[in-house]
Amino acid sequence: MSIVKPRRVWQSRAMVAGLAGVPLMLSSGLALAAYGLNLQPPVTPTAWDILGLHNLIMIVCLVIFVVVFSFMFYSVFAHRKSRGAKPAKFHESTTVEILWTAIPFLILVTMAIPSTRVLLKMDDTETDAELVVKITGYQWKWQYEYLDHDLSYFSNLSTPRDQIENKAEKGEHYLLEVDNPLVLPVGKKVRFLLTANDVIHAWWVPQLGVKKDAIPGFINEMWTRIDEPGTYRGQCAELCGKDHGFMPIVVEAVSDDEFNKWVNVRKTEMVAAAAAADKQWTKAELIARGEKVYQQCVACHGAAGLGVPGVFPALKGGAIATGPVAGHIDIVVKGKPGTAMQAFGAQMNDADLAAVITYERNAFGNNTGDVVQPSDVKARR
Amino acid sequence: MASAHHDEHPTGLSRWLFTTNHKDIGTLYLLFALLMFFVGGAMALVIRAELFQPGLQIVDPHFFNQMTTMHALIMIFGVVMPAFVGFANWQLPMMIGAPDMALPRMNNWSFWILPFAFTLLLSSLFAPGGGPAAGWTLYAPLSVREGMAVDFTILSIHMMGISSVLGAINIIATVLNMRAPGMNLMKMPLFVWTWLITAFLLIAVMPVLAGAVTMLLTDRHFGTHFFDAAGGGDPVMYQHIFWFFGHPEVYILILPAFGLVSQIIPTFARKPLFGYDSMVYATASIAFLSFIVWAHHMFTVGMPTAGELFFMYATMLIAVPTGVKVFNWVATMWRGSMSFETPMLFAVAFVFLFTIGGLSGLMLAIVPADFQYHDTYFVVAHFHYVLVTGAILAIMGGAYYWLPKWTGHMYNETLGKWHFWLTVIGMNVTFFPQHFLGLAGMPRRIPDYALQFTEFNQWSTIGAFLLGFSQILLVIVVVQTIRGGKKAANKVWEGAEGLEWTLSSPPPYHSFATAPKIK
């Protein structure tokens, strides 16, 4: 296991936690429990370092602010014409001007040194990575690939539409919950490789202290090492289109054993899913499954298949959803380049694709009666 | 005969359409900015209304993105920049002892481009798919994939850019050529200095923005791949070009505000500006540094460590000249004989609140900490503190300061103070809680949010409505003052210094027909 290196005083956790209290106390008497007033509690060495830096700068800024404005407000109260103040004649003083240039400069240098040290540590993505995860941003979901374990899956928002549209009570983790979280072992240095499929996204989990852009056509990298098991939540942090606010990130940090068990379970599931593709499905089975899969299409095409006029085409009575089956399979499997319509062939298995296409051809009053089997999809890949 | 024609002033619509007079054009700019302030403000209220509580209530996410995009474009290019040009038009000739601007016909043109540019931009809301929704920064590839509204936006940005560059050329030509004899550069009022430097920034960077959006246009329609990795391009290059414009742009939005405040504070402290020379040098240093810090807007794109360090250090350096300015204003007030008429209230609030934005800017410069702040409400709070409690407060202070000179009437001081207090309270209730939202982890540009962010968002929305509706008072004060009121003296304020106060209130049509003598 890695050894926690001794930190300088301002970086020690007790000190960081103590300093955190100062700005909190200064920022009015709001009920602290209900209002988050500072960065979220760190669970990685990097996030601790950042919190330490943040608190340090915050305090320096507050002190400067209070000192400068005590002068100003004293002046505002004391040097008033209405109190008989006579204007002094002084202006320009080389000594004063040199001092108020040099002192801030020195303060900046003292801020720059710890900042540089933390940055150099954060940027060390090359050494000692024990696990590599490739993260790909899509409009509007994340794909996680465990390169060492030959495992890959998508992670979608799991908050029901009814909660978003205020038709149902909102759950505790409203908008910060997903179907398949990213599972990571604690105490291991994990190296992330980031890219995107369509537009720029940014992967951010505040408690881990990591945020980096996922850029189509380029690979970015960063690393983390989570100290404590738990569930940590974040969101996409770069405007990526309509549902930018609806692509959360959930990280489950578990022990090494649990991680290995989880990897095996996921792999078994993948094999089972592949087997399902070979059997013949009934129309009812396909439609039931398709309705669930269609939740991934709702963001653009709408729950009622109406789309967004001028932006995302409607499926209700649409030329593709009611046209030839082959054309429908092609667009879902291969996507439409240059638009938000992705190539879902790379994202879903044949059973899911067949189900969702069958659903689309029979829902929203489309009633074509067509049944698309997984084997039909396989044939057109 | 020429002179007889010269004195013929058209009336009605043609007076405003064909005017080449710096005061008329200044008025047009300021009224245009006021109108756009309400248009952009209404969009802000749509945003805040949607964010009052979690869930989607009022608008859908796509329209929400159109609102954030348009709000920013309108407030930056339609409010703050035109308002400053309006001040420049009215004040520069009067402050340097000139009859008018150097290039009056171009002046007319540079204003009249704007209404068309903004009609084009606003009309894109009715295009198929609605207005631009990629954020005012129009990052590729998102903006490349959007509907025709982006083309409308690109064209209107070109028009705004032409307008700004023409205005800047005019200001430089006026300031460098038309100063009264004896007024050397180091005797110019600070407002003139800050505008001179701003004008150079405009000429330097508006063409860069034009280049960036033109590349977007060709990527969209003409098969180029400047920003598309699949064609050998680079999406991050767009960000580098954009912010090479964008960072000097934020100083374009604040330097004239520094100038306004540097005029107002000495007047009401009845004491000259503490360090005139150092103020000029600080302004020039800020302008220079603005060209070498752009990448601090994009620390999360994955730059080499050396690049991150360079941009961090350069950005931190800006705190030095900015500090010099704040210290100078405080030292000017120190042992003055102050009175607090409305313009002074705005100026003092500016110094205090702008500094909050300045200090949060310093925090954002620290790269590791920026990784937590970037693209959160902390950034939203930061730039609204520098732009709203910075630029907008200074513009309002400047308006109250010179309105009596321009109209010949005193404004209603009681209403002015009400306007000040409601505005400042509204601003702080709106933007201060956003610092906490950002630290707690709320990303910017989202139409819906997790439950733990609810309380501060409600505060922010309440503040925004207070702020928005208080501006009706501003309109009432301005209309009242234009229509009548107590006669204003030539030297409106007891402690005022400068050539504009030697003219009548309102000033003659051609400000200084003969050049004044400067001691």
Side-chain angles (χ1 to χ4, degrees), chain A residues 34-40 50 53-54 57 61 65 69 71-72 75 79-81 85-88 91-92 97 100-101 104-105 108 112 115-116 118-119 122-123 164-166 170 174-176 199-200 202 206 211-213 215-218 220 235 237-239 241-245 308 310-311, chain B residues 54-56 61-62 128-129 135 139 141-142 145 147 229-230 235-236 270-272 274-275 278 300-302 305 308-309 313 316 319-320 323-324 326-327 330 333-339 352 359 362-363 366-369 371-372 374-375 436 439-441 443 445-448 450-452 455:
Chain A
Y35 294 83
L37 295 180
N38 209 341
L39 295 172
Q40 296 182 18
I50 294 176
L53 264 184
H54 164 77
I57 315 159
C61 287
F65 190 75
F69 288 102
F71 278 96
M72 190 183 90
S75 184
H79 306 143
R80 285 169 175 260
K81 195 185 177 211
K86 293 272 170 290
H91 67 101
E92 316 247 334
E97 289 173 77
W100 74 31
T101 310
F105 184 79
L108 290 177
S115 309
T116 306
V118 172
L119 183 66
M122 290 178 83
D123 278 1
I164 296 170
E165 285 159 10
N166 305 312
K170 293 177 174 41
Y174 177 69
L175 295 190
L176 295 180
V199 300
I200 302 175
K211 181 191 286 152
K212 197 148 269 186
D213 290 359
I215 300 167
F218 289 82
N220 260 331
Q235 282 178 270
E238 178 65 59
L239 178 65
K242 175 173 151 292
D243 278 1
H244 162 56
V308 177
V311 189
Chain B
L56 294 176
H62 184 61
Y139 275 9
L142 185 60
R145 291 163 158 252
V236 178
R270 295 173 177 76
K271 188 164 155 279
F274 177 79
S278 66
T300 61
V301 298
T305 309
E308 289 173 328
L309 287 175
Y313 299 149
M316 291 173 82
V320 174
V324 166
V326 172
F327 301 143
V330 174
M333 291 160 73
W334 190 254
R335 291 183 53 211
S337 169
M338 278 188 279
S339 56
F352 183 66
L359 290 170
L362 176 60
M363 296 172 73
I366 308 292
V367 183
F371 289 151
Q372 291 284 37
H374 181 81
D375 264 328
F436 300 122
L439 294 181
R445 293 166 163 173
I446 57 173
D448 193 3
L451 303 182
Q452 66 265 36
E455 284 84 359

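Below, read A as the first sequence line, B as the second, and so on, with proteins coming before strands; counting in each chain starts at 1. Excluded from the calculations below are hydrogen atoms, water molecules and symmetry mates; all remaining heavy atoms, backbone and side chain alike, are included. Bear in mind that the values here come from a model prediction, so they are computed numbers and not experimental data.
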Engaged part of [X] at the chain B interface, taking heavy atoms whose separation is under 4.5 Å:
| X | value |
| --- | --- |
| A/Ala112 | both |
| A/Glu97 | side chain |
| A/Leu239 | both |
| A/Leu176 | side chain |
| A/Lys86 | backbone |
| A/Ile164 | both |
| A/Met122 | side chain |

(message) Walk me through whether B/Val236 and A/Phe218 qualify under side chain to side chain contact (heavy atoms under 4.5 Å, CB included).
(response) CA-CA 10 Å; B/Val236 178; A/Phe218 289 82; 5.8 Å; no
I'd like to know if the side chain of [X] reaches the main chain of [Y], judged simply by a donor and an acceptor atom lying under 3.5 Å from each other, with no hydrogens or angles considered.
| X | Y | result |
| --- | --- | --- |
| B/Gln372 | A/Pro206 | yes |
| A/Asn38 | B/Leu439 | no |
| A/Lys211 | B/His374 | yes |
| A/Asp213 | B/Gly302 | no |

(request) Let me see the working for A/Leu108 and B/Leu362 under side chain to side chain contact (heavy atoms under 4.5 Å, CB included), right down to the final yes or no. (result) CA-CA 9 Å; A/Leu108 290 177; B/Leu362 176 60; 3.6 Å; yes
If we define contacts as heavy-atom pairs under 4.5 Å, which of [options] has the most with chain B?
| options | result |
| --- | --- |
| A/Val308, A/Asn220, A/Asp243 | A/Asn220 |
| A/Pro87, A/Ala85, A/Gly245 | A/Pro87 |
| A/Glu165, A/Gln235, A/Lys242, A/Glu92 | A/Glu92 |

(message) Test side chain to side chain contact (heavy atoms under 4.5 Å, CB included) on B/Met333 and A/His79; report intermediate values, then the result.
(response) CA-CA 8 Å; B/Met333 291 160 73; A/His79 306 143; over 6 Å; no
Could you state the interatomic distance from [atom1] ([X]) to [atom2] ([Y]), rounded to the nearest 0.5 Å?
| X | Y | atom1 | atom2 | value |
| --- | --- | --- | --- | --- |
| A/Arg80 | B/Ser337 | CZ | OG | 11.0 Å |
| B/Met316 | A/Phe105 | CE | CZ | 9.5 Å |
| A/Lys170 | B/Asp448 | NZ | CG | 6.5 Å |

(request) Can you tell which part of B/Tyr139 gets under 4.5 Å to a heavy atom of chain A, answering side chain, backbone, both or neither? (result) side chain
(message) Given heavy-atom pairs under 4.5 angstrom as the criterion, report whether the side chain, backbone, both or neither of B/Tyr313 touches chain A.
(response) side chain
(request) Indicate the atoms forming the closest heavy-atom contact of A/Ile200 with B/Pro235, along with that distance. (result) CD1-CB, 4.1 Å
(message) Restricting to non-hydrogen atoms, name the atom on A/Ser75 and the atom on B/Arg335 that form the minimum distance, rounded to 0.1 Å.
(response) OG-N, 4.1 Å
(request) Give the ring-plane orientation class for A/Phe69 versus B/Phe352, where under 30° counts as parallel, over 60° as perpendicular and anything between as tilted. (result) perpendicular
(request) List the steps, then state whether side chain to side chain contact (heavy atoms under 4.5 Å, CB included) holds for A/Thr101 with B/Val320. (result) CA-CA 6 Å; A/Thr101 310; B/Val320 174; 3.5 Å; yes
(request) Output the option from B/Ala230, B/Gly135, B/Ser278 having the highest count of non-hydrogen pairs under 4.5 Å with chain A. (result) B/Ser278
(request) Please name the residue in the list A/Asp123, A/Leu119, A/Thr116 that meets the side-chain contact (heavy atoms from CB on, under 4.5 Å) test with B/Pro368. (result) A/Leu119
